[in-house]
Each structure stands twice: as structure tokens, then as C-alpha cells.
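What follows is one structure encoded as C-alpha cells, with my remarks underneath.
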Amino acid sequence: MPLQIISATSAHAAEINTLLHELAAFEKLPEGPELSEGEIGEAIANKNLHGLLAYMDEELAGFALFDYSFCTWQGKYMFLHEIFVRPAHRKHGVGKGLWKAIAKLAHEQNLARIQLDVLDWNTDAIKFYKAFGAVDFTKEEGWRDFRVPRSEIAKFAAANPSAAV
Amino acid sequence: MSFTIIPATTDHAAVINSMTHELAEFEKLPNGPQLSESEFREAIAEKNLFGFVALIEEQIVGFVMCYYGFSTWQGKFIFMEDLYVRPAHRKGGIGKALWKEVAKVAYEQNLRRIQWTVLDWNTNAINFYKSIGATDMHDRDGWLDFRLFRPAIAQFVGGNSENGV
């Protein structure tokens, strides 16, 4: 069949790694992905990371990568880290197929939500997500994503021990 | 007044759960927290949530709750869900001390980042986070937080059946 979607196993680590880098280049953040192929395979084997791969006429066409987290407000939810269709395979329903498979998994587990990040200039992706009923939570409630990298963590954690504990 | 900080246990679940409501009120999102006290306790027992509480004379005056996520770019990370100090006990270093415990956990596991969200109008919190070396990822890269909630998931899945998975 033309479109086939399968669950990723650790054997797909190389294909996943390739697509991760293609997507990061598109996002203008090519230095973003830092994990090795081995780390990706291990994460899938340990179920820290889950994936779906899409093939069109047996050619690798796209993927979706996600994990599960637990929020103090709503409990278990799915974080969709990546969803990507290679340029040559667009406009053939691959993206929608992947999204449907993701939504089905979330629905079967009765999850409170699917959450994802999108770049504010990526208007095609924003339209795509809104078409499926996703809400821009940054705009809706004002949430901003903050991060502290390892170097800053080290500065803080390696400083004088606190008086407590 | 001196305080101590200890890891959060299931014994603290009831108080922490009610304090998440105090925090949600402050955030002008009082309908946000939807978990029952027992769901909260179970989440701590099963280590889906972990954190620390600050005590003054055995009363909980502040807390931080976190969980682990897995990033396709940087691997295991800590998501800091809630950091809260009751108004009467602010400006005494409790917030920073709670943050330090989270940083120590991340440092000991050599994690590449700690991540959280903050409301764009909460300038006190934003100033605090910037003082500890955090970066606003929307300012840096343009990331927006998108969410698809359970009713929209159900509505989407209720459509035509799909080939593939």
C-alpha cells in the first residue's frame, strides 16, 4: 500500500537520527540534536521515547517521536517532540496519517492532552496543528518556555551547599 | 526564621495538592489543577512526580514538584512543574533553596537541561529565573507551546478510519 505507518523499534535508530537532523536543519537549529544513534536506540528500547515511521511506496517519508509525562494539573499526557514529513513526500496525506495515529494512541489511553512546541515563524505547521484543534497556549494563557542548560546547572549545584538538608 | 528542605513524600501529598491550587489562583488559572489528592499521592508513590518541600517549624511553606522528560535532542531532562512559596514566607531565600535542590538532582545525573514554563506577565518569576541563568526559549528561538486537549482528540479520532497503524 502507498502509505504505511509502523511503530519504531531500536532497529530504526539510524533512520530516526537522519530525520531528526533533516528537521533540525529546516528549523534553522542544526546544532540542536546532540544524541548519538546509540542513545536514540537505547531510549526506544527502554521506552523513554516512542516513535512512528511513515513510508510511501516503501520509501522513508516521515516520522513522529513522542514520550509520556505527568503533569500536576492533569496527570499523564503525551509530549509530541517531532512530527516531520520529508519535502518530497508532502501533500500526500502522510502528515495527517501520522497525526491520526498519534491521536489514536492518546485517545486509547484517555490522556488529558497532547502537547508540542512549534516555532512562531512556521506558519504551515501552525495551520496544520490548528486544523486538528490544537491551541496556541503561549498566546491563550501567556506561558513561555524557559530552560537552564547544563553549564548553568553546574554553577548553581556545585556552589556552597545550602544550610538545610 | 530558619527553614529546612526535605524530599517530598506521599505524606506531603495532601498539602502540596492544596498548594497547587493556591499557585493556580495566583496564576489566574484556578481551574487548572484537576487531580484528586489520591491521584497526586499515587503519582509521588510511583515516582511519576518528585520534588521537595520547605518546612518552618514543621509547616510546609513552599514546594517544588518536577518530573522527568526525554528530549529527542538532549535526552533525559527535568521538567520543573511548580515552584511556590507562600506569600508570608517570601524574600527569605526559600525559593532559591528549593531551586538548588532541583539543580543538584540534575547535576548528579549529568542532565543537559532543566525546563519549565512561566507566565509572560509574571515579572518577579521571570527576573528570578534569569538571575539563575535561564533562557526564554521563545525569545531565543521562537518556540510556542501548543496543546490539543482530550475533547479535541476524541473529536479528531472519531473521524474516518485510517490505513496503517
Side-chain angles (χ1 to χ4, degrees), chain A residues 1 3-5 20 29 32-35 39 43 48-49 65 67 69-75 79 81-82 97 100-101 103-104 106-107 112-121 129 132-138 141-150 152-157 162 164-165, chain B residues 3-6 20 29 32-35 39 43 48-49 65 67 69-75 79 81-82 97 100 103-104 106-107 112-121 129 132-138 141-150 152-157 162-165:
Chain A
M1 63 182 60
L3 173 62
Q4 197 196 5
I5 296 178
L20 267 176
L29 300 163
E34 297 170 26
L35 299 185
E39 283 173 305
N48 289 324
L49 190 60
L65 294 179
D67 73 340
S69 280
F70 194 95
C71 150
T72 52
W73 284 14
Q74 295 190 310
F79 196 95
H81 288 282
E82 322 282 350
K100 262 207 146 120
K104 204 166 147 214
H107 184 67
R113 67 178 191 253
I114 299 170
Q115 187 167 333
L116 56 127
D117 289 333
V118 65
L119 289 157
D120 58 9
W121 53 260
Y129 299 135
F132 298 131
V135 172
D136 177 347
F137 235 54
T138 295
E141 293 186 357
W143 294 104
R144 311 276 286 222
D145 173 4
F146 268 58
R147 299 190 194 176
V148 164
R150 189 157 36 193
E152 296 295 332
I153 293 169
K155 271 187 213 168
F156 218 86
S162 58
V165 189
Chain B
F3 58 89
T4 55
I5 296 188
I6 61 172
T20 62
L29 300 163
Q34 296 162 25
L35 296 186
E39 282 173 309
N48 288 324
L49 283 177
M65 290 306 293
Y67 51 87
F70 193 92
S71 151
T72 49
W73 284 10
Q74 295 191 309
F79 192 94
E81 173 85 80
D82 293 311
K100 202 171 193 146
K104 273 157 73 177
Y107 183 69
R112 287 177 176 89
R113 72 176 189 247
I114 301 170
Q115 181 175 338
W116 62 94
T117 54
V118 66
L119 289 158
D120 57 9
W121 53 260
Y129 295 137
I132 56 170
T135 301
D136 178 335
M137 296 304 285
H138 180 256
D141 296 343
W143 292 106
L144 298 170
D145 170 4
F146 266 56
R147 301 191 191 178
L148 180 69
F149 291 100
R150 190 160 26 207
I153 295 170
Q155 191 175 22
F156 186 71
V157 168
E162 175 62 28
N163 294 331
V165 176

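Everything numeric here is computed off the predicted structure, so don't read it as measured data. Proteins get letters first, then strands, A, B, ... in listed order; numbering begins at 1 in each.
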Side chain from CB out, backbone as N, CA, C, O: work out which of these in [X] comes under 4.5 Å of a heavy atom of chain A, or both, or neither.
X	answer
B/Gln74	both
B/Tyr129	side chain
B/Ile132	both
B/Asp82	side chain

**OP:** Applying side chain to side chain donor-acceptor pair (under 3.5 Å), name anything that partners B/Trp143, two or more places apart in sequence or on another chain.
**Re:**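 B/Trp143 satisfies side chain to side chain donor-acceptor pair (under 3.5 Å) with B/Asp141 only.
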Examine whether an atom of [X] lies under 4.5 Å from a heavy atom of chain B, and if so say whether it belongs to the side chain, the backbone or both; otherwise answer neither.
X	answer
A/Phe79	neither
A/Gln115	both
A/Leu116	both

For residues [X] and [Y], report the shortest heavy-atom separation together with the two atoms involved.
X	Y	value
B/Glu81	A/Cys71	OE1-CA, 3.1 Å
A/Ser69	B/Gly69	OG-CA, 4.2 Å
A/Arg144	B/Asp136	NH2-OD2, 3.0 Å

Original post:
Do A/Phe137 and B/Thr117 come within less than 4.5 Å of each other through their side chains, counting heavy atoms only?
Top reply: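 No, side chains not in contact.
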**OP:** Rounded to the nearest 0.5 Å, what's the gap from CG on A/Leu65 to OG on B/Ser71? Could you check?
**Re:**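 One finds 10.0 Å between CG of A/Leu65 and OG of B/Ser71.
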Original post:
Quick check: does any side chain N or O of A/Asp67 sit under 3.5 Å from a backbone N or O of B/Phe70, one acting as donor and the other as acceptor?
Top reply: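 Judged by distance alone, yes, a pair lies under 3.5 Å.
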I'd like to verify something: which residue of [options] has the highest number of heavy-atom pairs under 4.5 Å with chain A?
options	answer
B/Thr20, B/Leu49, B/Thr72, B/Asn48	B/Thr72
B/Met65, B/Glu39, B/Gln115	B/Gln115
B/Phe79, B/Trp116, B/Trp121, B/Phe149	B/Trp116
B/Ala152, B/Ala134, B/Gly142	B/Gly142

Original post:
Do B/Tyr67 and A/Thr72 pass the side-chain contact (heavy atoms from CB on, under 4.5 Å) test, and can you show the C-alpha distance, the side-chain angles, and the key distance before you say yes or no?
Top reply: CA-CA 9 Å; B/Tyr67 51 87; A/Thr72 52; 5.9 Å; no
Original post:
After noting the C-alpha distance and the side-chain angles of B/Thr135 and A/Phe146, does the key distance pass the side-chain contact (heavy atoms from CB on, under 4.5 Å) rule?
Top reply: CA-CA 5 Å; B/Thr135 301; A/Phe146 268 58; over 6 Å; no
Original post:
Does the pair B/His138 and A/Trp143 meet the rule for a side-chain contact (heavy atoms from CB on, under 4.5 Å), with working shown?
Top reply: CA-CA 10 Å; B/His138 180 256; A/Trp143 294 104; over 6 Å; no
**OP:** Take B/Leu148 and A/Ile114, measure what side-chain contact (heavy atoms from CB on, under 4.5 Å) needs, and give me the verdict at the end.
**Re:** CA-CA 5 Å; B/Leu148 180 69; A/Ile114 299 170; 4.1 Å; yes
Original post:
Are the aromatic rings of B/Phe146 and A/Phe132 close, with centres under 6.0 Å apart?
Top reply: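 Judged by ring-centre distance (under 6.0 Å), B/Phe146 and A/Phe132 do not meet the cut-off.
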Subject >> Which of A/Leu29, A/Thr138, A/Asp117, A/Leu35 touches chain B most, by non-hydrogen pairs under 4.5 Å >> reply: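 Heavy-atom pairs under 4.5 Å are most numerous for A/Leu35.
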